[in-house]
2 protein chains.
Amino acid sequence: MRYTTPTAGGQPSLQVLLWRRALDPHVGRWSLPGGRLRPDEDVETSIRRQLAEKVDIKQLTHVEQLAVFSDPHRVPGPRVVATAFLGLVPSDVDPEVPEDTAWHPVDELPRTAFDHEAIVLRARDRLRAKLSYTNVGFALAPREFTISALRDHYSAALGYRVSATNLQRVLSRRGLLVATGSTAPSGRAGGRPAALYSFAHDDMQVTDPFAVFKPPARTTGARARTRAPRRDAVT
Amino acid sequence: MRYTTPTAGGQPSLQVLLWRRALDPHVGRWSLPGGRLRPDEDVETSIRRQLAEKVDIKQLTHVEQLAVFSDPHRVPGPRVVATAFLGLVPSDVDPEVPEDTAWHPVDELPRTAFDHEAIVLRARDRLRAKLSYTNVGFALAPREFTISALRDHYSAALGYRVSATNLQRVLSRRGLLVATGSTAPSGRAGGRPAALYSFAHDDMQVTDPFAVFKPPARTTGARARTRAPRRDAVT
DNA sequence: TCAAAAGTGTTTGTATTACACCCATGC
DNA sequence: GCATGGGTGTAATACAAACACTTTTGA
């Protein structure tokens with residue numbers, strides 16, 4: 001998935017790369033890229049290979065397992081067990097994709113093959129949840145960005161307007177933003193030039209580990225960064 | 001998994017049911033219950049069947065997919081792809097388990113077969129995280145319980161002391177607790193008899209959906225339960 | 001000088017922890 | 001009555017949403 005401003009008009013949005021099926025079953029419908037697992041690779045290696053080979057996506061900033069889809073009738077014929085992944089591509093790279101593939105807004109999916117719509121929605125929901133309590137945002141944004149550009153990414157992915165002001169503060173408090181020192185030129189309408197930031201880390205980390213039930217705070221003195229002990233990502 | 005007070009002394013703790021391997025490879029080591037997926041069932045049906053057949057666990061209060069483990073060398077011989085699950089059994093049922101199986105504290109695992117230790121730890125971490133932002137607690141506790149009993153369940157699962165006072169309040173505020181009206185007899189040392197509670201729901205729900213980035217609050221008036229819209233569980 | 005966009009200060013609301021204190025029971 | 005838990009009242013803290021206000025640019 002990816003945050004994209006489509007060339008042909010339309011709103012910028014969170015989009016997913018789909019592949020138009022040339023063969024039956026479900027000719028003409030759109031499906032997720034993927035393929036068979038080879039005996040000598042694990043599932044993550046496999047999905048990275050498939051994306052690189054078939055759709056030339058090599059710059060995945062984040063990949064994570066979603067779930068196994070195994071309904072005996074999810075595809076016609078002999079049962080196929082699929083391990084679904086969420087993969088993110090930053091908004092500034094525009095991979096060359098084959099003729100028969102295209103990016104589609106996740107909120108206006110075309111007719112999809114098999115259970116792929118359910119899979120895409122599951123991925124979208126996972127991304128939404130993680131934007132809240134992890135730093136996955138880094139995987140959608142370019143290396144350097146302005147806060148308002150980042151705001152647009154978050155807004156598109158979450159599906160509601162996010163305030164740049166508060167986004168700034170939350171990410172700063174969590175120590176995720178690094179000011180690069182430079183600024184972006186202001187637009188033709190004028191306006192104060194925006195400062196450029198980058199993310200402090202380029203791998204996913206849980207930044208808001210405990211919603212509740214924090215373990216007892218053992219900070220006797222010194223208000224110095226009493227972050228709760230690092231907790232494993234939820235998947 | 002399950003919260004258990006072991007009969008043979010020892011601390012009550014979060015325990016996992018393991019199975020002692022009778023055959024090579026890894027004879028004598030402990031492994032997770034499981035087995036082959038049949039062509040006509042999905043993975044969840046399969047794991048429920050395996051548990052029912054082999055170890056007579058029929059009273060699973062919660063089951064969820066964990067992840068796929070697919071390293072080509074995770075088991076000797078031809079590669080086996082495993083879909084791991086987290087399954088919870090309430091503390092008041094004590095299923096008949098076969099001779100060669102036993103409950104083991106997740107924090108003092110015996111020598112396990114294959115990658116099963118990693119799987120168990122992954123399950124533990126998932127449970128810990130979800131205790132915080134969902135109502136999974138219901139799956140560990142009996143139908144009726146006192147707050148301090150529940151506190152012990154949470155403490156064992158989380159690995160640190162939880163305050164009964166605050167547990168009460170958090171769960172109450174979220175509308176998860178229902179007072180049954182009756183009380184438990186006080187212990188032989190006296191003490192005020194504890195009120196009995198039960199959980200309001202018996203399926204898992206996300207109770208603390210947004211850590212941050214809540215969508216704009218559109219409550220113009222009436223302070224009436226402005227819970228954020230229900231958000232999909234993170235797996 | 002004015003409009004536009006970025007960024008800061010400050011208030012408000014609310015969830016959660018921490019802790020002191022009151023309550024009900026057995027002996 | 002007194003020890004032993006159970007339960008409530010009430011601060012202190014922290015985080016984030018909302019919004020007014022200041023800053024910096026282009027025309």
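Heavy atoms only: backbone and side chains are in, while hydrogens, waters and symmetry mates are out. In what follows, chains are A, B, ... by sequence order, proteins preceding strands, each numbered from 1.
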Problem set entry | Under the salt bridge (charged side-chain N to carboxylate O under 4.0 Å, His left out) test, residues paired with A:Asp42 that sit two or more places apart | none
Problem set entry | Side chain of A:Arg174 (C-beta onward), nearest among C:dG7, D:dA16, D:dG7 | D:dA16
Problem set entry | Selection from C:dC23, D:dA17, C:dT17 that lies nearest to any side-chain heavy atom of B:Asn166 | C:dT17
For this session: Kindly point out which of C:dT8, C:dA5, D:dG7 is positioned nearest to the side chain of A:Thr165?
Result: C:dT8
Problem set entry | Options D:dG7, D:dC19, C:dG7, nucleotide nearest the side-chain atoms of A:Ala194 | C:dG7
Problem set entry | Length of the line joining A:Arg151:CZ and D:dA18:P, which is rounded to integer Å | 14 Å
For this session: Can you figure out which of C:dG7, C:dT25, C:dT17 approaches the side chain of B:Val170 most closely?
Result: C:dT17
Exercise. Just how far, in rounded Å, is C1' of D:dT13 from CZ of A:Arg173?
Worked result: 13 Å
For this session: Indicate yes or no: does B:Arg143 engage B:Asp92 in a salt bridge with an N to O separation below 4.0 Å.
Result: no
For this session: Determine, using ring centers only, whether A:Tyr3 and A:Tyr154 are less than 6.0 Å apart.
Result: no
For this session: State which of D:dT25, D:dG9, C:dT17 makes the closest approach to the side chain of A:Pro193.
Result: D:dT25
Problem set entry | Side-chain donor/acceptor contact of A:Arg169 with base of C:dT10 under 3.5 Å | yes
For this session: For the pair B:Asp94 and B:Arg2, find out whether any cationic side-chain nitrogen is under 4.0 Å from an anionic carboxylate oxygen.
Result: yes
Exercise. What is the nucleic acid contact for B:Ala164, judged by heavy atoms within less than 4.0 Å: base, sugar-phosphate only, or nothing?
Worked result: nothing
For this session: Take the protein atom CG of B:Asp208 and the nucleotide atom P of D:dA16, then report the distance between them rounded to whole Å.
Result: 12 Å
Exercise. What is the distance from CD1 of B:Ile147 to C1' of D:dT8, rounded to the nearest Å?
Worked result: 13 Å
Seminar exercise, completed: Closest of D:dG6, C:dT16, D:dT8 to the B:Gln168 side chain is D:dT8
For this session: Would you classify B:Thr146 as touching base, sugar-phosphate or nothing, given that sugar-phosphate means primed atoms plus P, OP1 and OP2, and contacts are heavy atoms under 4.0 Å?
Result: nothing
